[in-house]
Amino acid sequence: MTRQIATKRPLKIGISCYPSVGGSGVIASTLGRQLAERGHEVHFIAYEKPFRYTDGAPRTFFHQVKINDYGLFKYPDYTLPLSVKMSEVSSEHSLDILHVHYAVPHATAAILARCMLPPHLQPRIVTTLHGTDTTLLGRDPGYGPAIHHALMQSDAVTTVSSFLKAESHSVLGFDGPMEVIYNFFEPSPPRNDRAKTRADLGIADDEIMILHSSNLRTVKRIDHLLQSVARIQPHDAYKLVLLAGGPFEPYRDQAQRLGIMDRIIIKENVLEIEEYLQAADIALYTSETESFCLSILEAMFFGCPSVATRVGGIPEVVEDGKTGLLAPFADIDALGAALQRLVEDKDLRERYGEAARAAAHERFSAASIIPQYERLYGNLLVADGIKREREQDHKCLKYQ
Ligand code: GMT
């Protein structure tokens with residue numbers, strides 16, 4: 001009996017994620033793009049085209065979930081129409097895999113979608129936990145049991161760091177297998193050069209550009225970030241560039257009180273992040289928790305060292321004293337001192353920056369991470385094939 005290995009043929013993969021600005025959506029859409037470039041057929045299922053989704057890319061399709069506005073519902077429901085769309089796309093396109101990013105509500109919707117389908121049309125479900133789906137929602141009694149159930153029912157669960165794997169185990173009490181597959185980044189070449197971007201931002205050659213890119217949610221602790229920046233010696237020339245995926249307004253008063261508002265440049269909903277990454281000298285992240293911190297990785301690819309809090313999965317990304325400087329959470333003295341050290345020392349910035357670039361390419365490139373997902377999908381289908389072969393009383397099941 002010969003069995004053809006499932007990974008030898010292109011797969012049909014459904015991907016669901018939050019389409020808005022955020023690490024999980026960015027990873028999901030980049031993963032989809034990379035898989036399509038490798039010959040797989042990719043179907044995105046979401047309420048909007050994901051941030052960084054490319055229209056018209058070969059083998060890439062988008063299926064919109066329509067959200068209802070029934071008068072009876074005080075709050076519109078997304079989970080049920082999402083699960084119906086998942087089951088429709090699975091059966092119409094014979095999906096092999098349904099890969100959901102961020103457990104709530106995607107994993108629950110996927111499990112429900114699978115229940116609606118006859119066995120021969122059921123895709124294998126892969127759930128990737130990204131961070132707050134475990135660390136925040138997992139602790140919420142209104143969500144935790146549903147997340148646990150969806151993980152138990154998934155065919156595979158992955159986490160984006162070892163930290164998140166351990167948290168998912170302890171917070172959710174999930175003791176099934178979880179594979180750590182780190183986040184990755186595949187930078188596009190910037191359209192303009194570093195000098196032009198800095199000139200457009202009004203940043204002089206001798207000024208240090210400190211970059212922070214996030215949705216500015218509470219967990220990012222922008223209050224600590226501003227306090228740390230305010231510790232930089234006033235005679236040092238610097239600008240803080242915030243690529244904001246959320247409103248800065250709640251922090252404006254604080255920045256004014258600290259006397260640093262004239263040093264801050266805010267850019268909202270930036271799509272071409274590479275333009276800014278290439279122009280930055282230091283990346284700054286003061287989060288309370290962070291399962292990985294994709295933004296730090298994005299900066300590393302452009303040879304930019306970081307100052308960050310030693311929380312969550314950040315130490316798996318940044319090597320303290322080699323690719324950046326880590327400080328305890330909420331320790332403004334330590335964060336300010338680390339920042340000051342890098343602001344003052346150009347050689348140190350360059351040394352850390354080069355080490356950061358090398359580490360990013362070596363450990364977190366698409367070339368090293370995408371095959372890990374392909375292997376996971378392939379193994380699920382091979383295992384599935386073996387199971388079906390047994391069920392069919394040793395009849396050979398071909399995948400091609
Ligand atoms: O917190 C964010 O910035 C958004 C959030 C998301 O789900 O989109 O990010 C989480 O997933 C990213 C991609 O895997 C990780 O890099 C972030 O660390 C993680 N955020 C947190 O854990 C707070």
Side-chain angles (χ1 to χ4, degrees), residues 15-32 34 46-48 50-53 99-107 126-140 143 147 157-168 170-172 178-186 211-222 224-225 242-247 269-270 273 283-301 306 308-318 326 329 360 363-364 366 369-370 372-373:
I15 293 184
S16 263
C17 63
Y18 280 109
S20 52
V21 184
S24 58
V26 168
I27 288 295
S29 48
T30 318
L31 173 63
Q34 289 283 329
Y47 59 84
E48 260 167 28
F51 182 69
R52 299 197 195 169
Y53 169 89
H99 188 168
V100 296
H101 291 261
Y102 204 93
V104 181
H106 306 109
V126 178
T127 298
T128 291
L129 295 167
H130 279 273
T132 47
D133 39 2
T134 289
T135 56
L136 190 68
L137 299 178
R139 290 194 163 86
D140 184 332
Y143 284 96
I147 300 170
V157 177
T158 77
T159 63
V160 300
S161 63
S162 299
F163 158 79
L164 189 58
K165 178 176 173 173
E167 279 292 283
S168 303
S170 70
V171 173
L172 294 162
M178 282 180 274
E179 185 173 344
V180 177
I181 302 185
Y182 282 124
N183 283 333
F184 63 95
F185 184 49
E186 189 64 17
L211 183 71
H212 175 89
S213 156
S214 80
N215 43 32
L216 309 190
R217 280 192 299 160
T218 319
V219 71
K220 305 292 171 184
R221 296 311 298 253
I222 302 303
H224 293 178
L225 184 128
L242 294 175
L243 303 185
N269 297 318
V270 162
I273 192 168
L284 179 59
Y285 291 89
T286 52
S287 304
E288 188 170 342
T289 180
E290 205 65 69
S291 66
F292 183 95
C293 201
L294 183 60
S295 305
I296 289 183
L297 178 62
E298 291 173 339
M300 287 169 71
F301 267 93
S306 29
T309 39
R310 191 182 294 108
V311 298
I314 288 182
E316 295 173 61
V317 184
V318 178
L326 300 182
F329 169 64
R363 303 181 55 216
F364 306 114
I369 301 297
I370 308 296
Q372 296 180 36
Y373 281 116

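Counting from 1, the numbers follow the sequence of the chain as shown. Indexing begins at 1, ligand by ligand and atom by atom, following the structure's order.
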Atoms in ligand 1 flagged as close to Val160, the criterion being non-hydrogen separation under 4.0 Å: 14 (O)
Under 4.0 Å, heavy-atom basis, I'd like to know which part of Leu294 is in contact with ligand 1: side chain, backbone, both or neither. both
May I ask you to list the atoms of ligand 1 that are less than 4.0 angstrom from any heavy atom of Cys293? 15 (C), 16 (O), 17 (C), 18 (O)
For Phe292, the ligand 1 atoms whose distance to one of its heavy atoms is below 4.0 Å: 16 (O), 18 (O)
Donor-acceptor pair, distance only, cut-off 3.5 Å: does the side chain of Glu316 make one with the backbone of Ser162? yes
Plane angle bin for Tyr373 and His99 - parallel if under 30°, tilted between 30 and 60°, otherwise perpendicular: tilted
Does any donor atom in the side chain of Thr158 or Thr128 lie under 3.5 Å from an acceptor atom in the other side chain? yes
Distance-only N or O hit between ligand 1 and Tyr102, under 3.5 Å: no
In terms of relative ring orientation, are His101 and His130 parallel, tilted or perpendicular, with 30° and 60° separating the classes? tilted
Distance from Leu284 atom CG to Ser295 atom OG, nearest 0.5 Å? 11.5 Å
Atoms in ligand 1 flagged as close to Gly22, the criterion being non-hydrogen separation under 4.0 Å: 8 (O)
Which of parallel (below 30°), tilted (30 to 60°) and perpendicular (above 60°) describes Phe364 and Phe292? perpendicular
Closest to atom 15 (C) of ligand 1 among Gly23, Gly312, Ser291, Gly131 (heavy-atom distance): Ser291
Distance under 6.0 Å and angle within 45° of the ring axis: does Arg363 meet both against Tyr182? yes
Note: Thr135, heavy atoms under 4.0 Å from ligand 1, region reported as neither
Any nitrogen or oxygen of Thr289, side chain or backbone, less than 3.5 Å from one on ligand 1? no
Ligand 1 to Lys220, heavy atom cutoff 4.0 Å, flagged ligand atoms 1 (O), 2 (C), 3 (O)
Please identify which atoms of ligand 1 are closer than 4.0 Å to at least one heavy atom of Arg217. 1 (O), 2 (C), 4 (C), 5 (C)
Between Lys220 and the options Glu288, His212, Glu290, the side chain to side chain donor-acceptor pair (under 3.5 Å) test singles out Glu290
